[in-house]
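Okay, structure first, notes after.
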Protein chains: 2
Amino acid sequence: MPAVSLRLSSVQSANLKLRGPVTEPTQQEEESWESGPIPAVPDRLLASDLVNEIEFLAARARSLGSGRANTMLAPLDLKVRSYSVLAMACSDTEPSQRELADFLRLDPSQIVSLVDALEKRGLVFRGPDPRDRRSKVIRPTAAGMELHQRAAAAVRVAEDTSLAPLDGPERDQLRVLLRKIAFG
Amino acid sequence: MPAVSLRLSSVQSANLKLRGPVTEPTQQEEESWESGPIPAVPDRLLASDLVNEIEFLAARARSLGSGRANTMLAPLDLKVRSYSVLAMACSDTEPSQRELADFLRLDPSQIVSLVDALEKRGLVFRGPDPRDRRSKVIRPTAAGMELHQRAAAAVRVAEDTSLAPLDGPERDQLRVLLRKIAFG
DNA sequence: AAATTATCATTGACAACTTCAATTATGTGG
DNA sequence: CCACATAATTGAAGTTGTCAATGATAATTT
């Protein structure tokens, strides 16, 4: 039973603000409540060249997606950043902080803060790196693995919401294409 | 004569920092100098579940892309943000500031700052909105349109670099998929 | 048409994030 | 051993994100 499709009613309605004169009931009957709280961009703007630039599309998609993910993660006291670090710690890849910085494209000092916070909550700890005593491998605690389970579920729901306009094969294809440009 | 493929030698080498013991010359012969300054993520980390999450992939892709775009725009004293506003002003969509905020997913107050800066440089101005005297339509000056031309070319080069791993049809498909999730 | 309520642009405050330089401990190559 | 590079950390700037309040104008209600 895959691909859950929750309703998110409370979350979405919280984000929804009516705006504009609303002279006539425009053509937003099908979209607005089903696909998510996308803040109603006038069709007129979609004629701009910007909507063809990957840079812009990726930024907008990420903004929408991370907004939803943050909302879903908030009850767990996580954000996409801290979730990412926790998820990497819970993977079996045994990442060092430097590797996390490169992987997540954050400054090493940001990793320090993120790991500090997670460590203070008893979710991860800095283990020794047998090959290099300078570096520290981020590992999960039992509590960390448990929270990660729940957080991953929340992220899946957020992702499912973000990907609502795409069918299964399209989602797979998007993943493949993004992986290519995100790595090499 | 489409799809320019510049070399970016100076730009890229500026971003390149050697790191790590470099015990053996790993398999980065083909990639590192051709496709861009992607900071060498160990293959081991690619086994994590995170690389399948759209949220993460979009964030990483955007980070790489906007980094390149910002680098290319820097000589013109623009960033992706100010470029986006300028580009919208130069489109024939006559956007108000509120519309720009929704479209670019920025707070209205951020639009004020961006427009202020562009206006101070004589690139755009706030025109009246015939339909609503509260709102202001952002329009380009002659200098703004001229700079936009050059900026758009720079962004195309950056995008071409970011999309290097994809062939033509793949790029089109990515655009289509991203447009679907970026709008509805 | 007067009152009420909402929206637009703007300002200002504050939190969060980004980027950099400097430091200490450790690793690498000569 | 020495010179140099890198990992984690700290702290300081600079930038961006988020929010609340305000004055002008618009829409809605009575």
Side-chain angles (χ1 to χ4, degrees), chain A residues 14-25 39-40 42 59 62-64 66-67 70-71 74 78-82 84-85 94-117 119 124-138, chain B residues 14-25 39-40 42 59 62-63 66-67 70-71 74 78-82 84-85 95-117 119 124-138:
Chain A
N15 261 12
L16 228 176
K17 291 178 188 172
L18 277 307
R19 188 169 11 79
V22 188
T23 50
E24 313 157 41
R62 192 217 63 132
S63 172
L64 289 167
S66 68
N70 277 328
T71 302
L78 289 173
K79 298 186 178 182
V80 290
R81 283 292 166 72
S82 41
S84 297
V85 171
E94 305 189 339
S96 72
Q97 296 187 190
R98 158 59 68 175
E99 289 170 336
L100 287 177
D102 290 343
F103 192 66
L104 303 176
R105 290 196 56 82
L106 298 175
D107 190 89
S109 62
Q110 293 178 278
I111 302 294
V112 171
S113 305
L114 288 164
V115 172
D116 279 351
E119 195 171 44
V124 306
F125 64 94
R126 291 170 226 244
D129 185 336
R131 316 217 191 188
D132 188 337
R133 278 181 300 168
R134 292 171 303 177
S135 106
K136 300 168 184 175
V137 174
I138 307 306
Chain B
N15 261 12
L16 227 175
K17 291 179 188 172
L18 276 308
R19 191 173 3 83
V22 188
T23 51
E24 316 157 39
R62 193 217 62 134
S63 172
S66 68
N70 277 328
T71 303
L78 289 173
K79 298 186 179 181
V80 290
R81 283 294 166 72
S82 41
S84 297
V85 172
S96 72
Q97 295 187 191
R98 158 59 67 175
E99 288 170 338
L100 288 177
D102 290 342
F103 192 66
L104 304 176
R105 291 197 53 84
L106 298 174
D107 190 87
S109 62
Q110 293 178 281
I111 302 293
V112 171
S113 305
L114 288 164
V115 172
D116 279 351
E119 195 171 44
V124 306
F125 65 94
R126 291 171 225 242
D129 185 336
R131 316 217 193 186
D132 188 336
R133 276 182 300 171
R134 291 171 302 178
S135 102
K136 300 169 185 174
V137 174
I138 306 307

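Keep in mind that the numbers below use all heavy atoms, side chains included, and drop hydrogens, waters and symmetry copies. Per chain, numbering begins at 1; letters A, B, ... match sequence-line order.
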Practice task
Check whether any side-chain N or O of A/N70 sits under 3.5 Å from a backbone N or O of A/V80 as a donor-acceptor pair, and report yes or no.
Solution key: yes
Handout entry: Euclidean distance, atom CG of residue B/L114 to atom P of C/dT10 [Å, nearest integer]
Key = 12 Å
Practice task
Could you check how far CZ of A/R105 sits from P of C/dC17, rounded to whole Å?
Solution key: 17 Å
Problem - Whole-Å gap separating P (C/dG12) and CG (B/D107) - result: 15 Å
Handout entry: Backbone of B/L78 reached by a side-chain donor or acceptor of B/S82 within 3.5 Å
Key = no
Exercise for the section: Tell me whether the OP1 or OP2 atom of D/dG17 has a side-chain N or O from A/R81 closer than 4.0 Å. Expected result: no
Problem - Minimum side-chain heavy-atom gap A/L114-A/L106 below 4.5 Å - result: yes
Handout entry: Phosphate-side-chain proximity, A/R133 and C/dA25, N/O vs OP1/OP2 below 4.0 Å
Key = no
Handout entry: side-chain N/O A/R126 vs D/dT9 OP1/OP2, d < 4.0 Å
Key = yes
Exercise for the section: Measure from CG on A/D132 to P on D/dA8 and round the result to the nearest Å. Expected result: 8 Å
Problem - Nucleotide D/dA24, atom P - distance to NZ of B/K136 in whole Å - result: 12 Å
Handout entry: Expected output: side-chain A/E94 to main-chain A/V137 donor-acceptor under 3.5 Å
Key = no
Exercise for the section: Compare side-chain N and O positions of A/R134 against OP1 and OP2 of C/dT26 and report whether any pair is under 4.0 Å apart. Expected result: no
Exercise for the section: Give one of base, sugar-phosphate or nothing for B/I111, where a contact means two heavy atoms less than 4.0 Å apart. Expected result: nothing
Problem - A/N70 CG to C/dA15 C1', straight-line distance once rounded to whole Å - result: 14 Å
Exercise for the section: Please evaluate the base of C/dC20 for a donor-acceptor partner in the side chain of A/S109 within a cut-off of under 3.5 Å? Expected result: yes
Practice task
Determine yes or no for a side-chain-to-main-chain donor-acceptor pair under 3.5 angstrom, with A/T71 supplying the side chain and A/G67 the backbone.
Solution key: yes
Handout entry: Selected nucleotide, minimal atom distance to A/Q97 side chain, candidates D/dA8, D/dT18, C/dA16
Key = D/dA8
Fill in the blank from the handout: Rounded to whole Å, the CZ-P distance (A/R62 to D/dG17) equals 8 Å
Practice task
Name the closest nucleotide to the A/L106 side chain, picking from C/dT18, D/dT16, C/dA9.
Solution key: C/dT18
Problem - C/dT19 phosphate, OP1 or OP2, under 4.0 Å from A/Q110 side-chain N/O - result: no
Exercise for the section: Mind calculating the distance between CG (A/D116) and C1' (D/dT9) to the nearest angstrom? Expected result: 9 Å
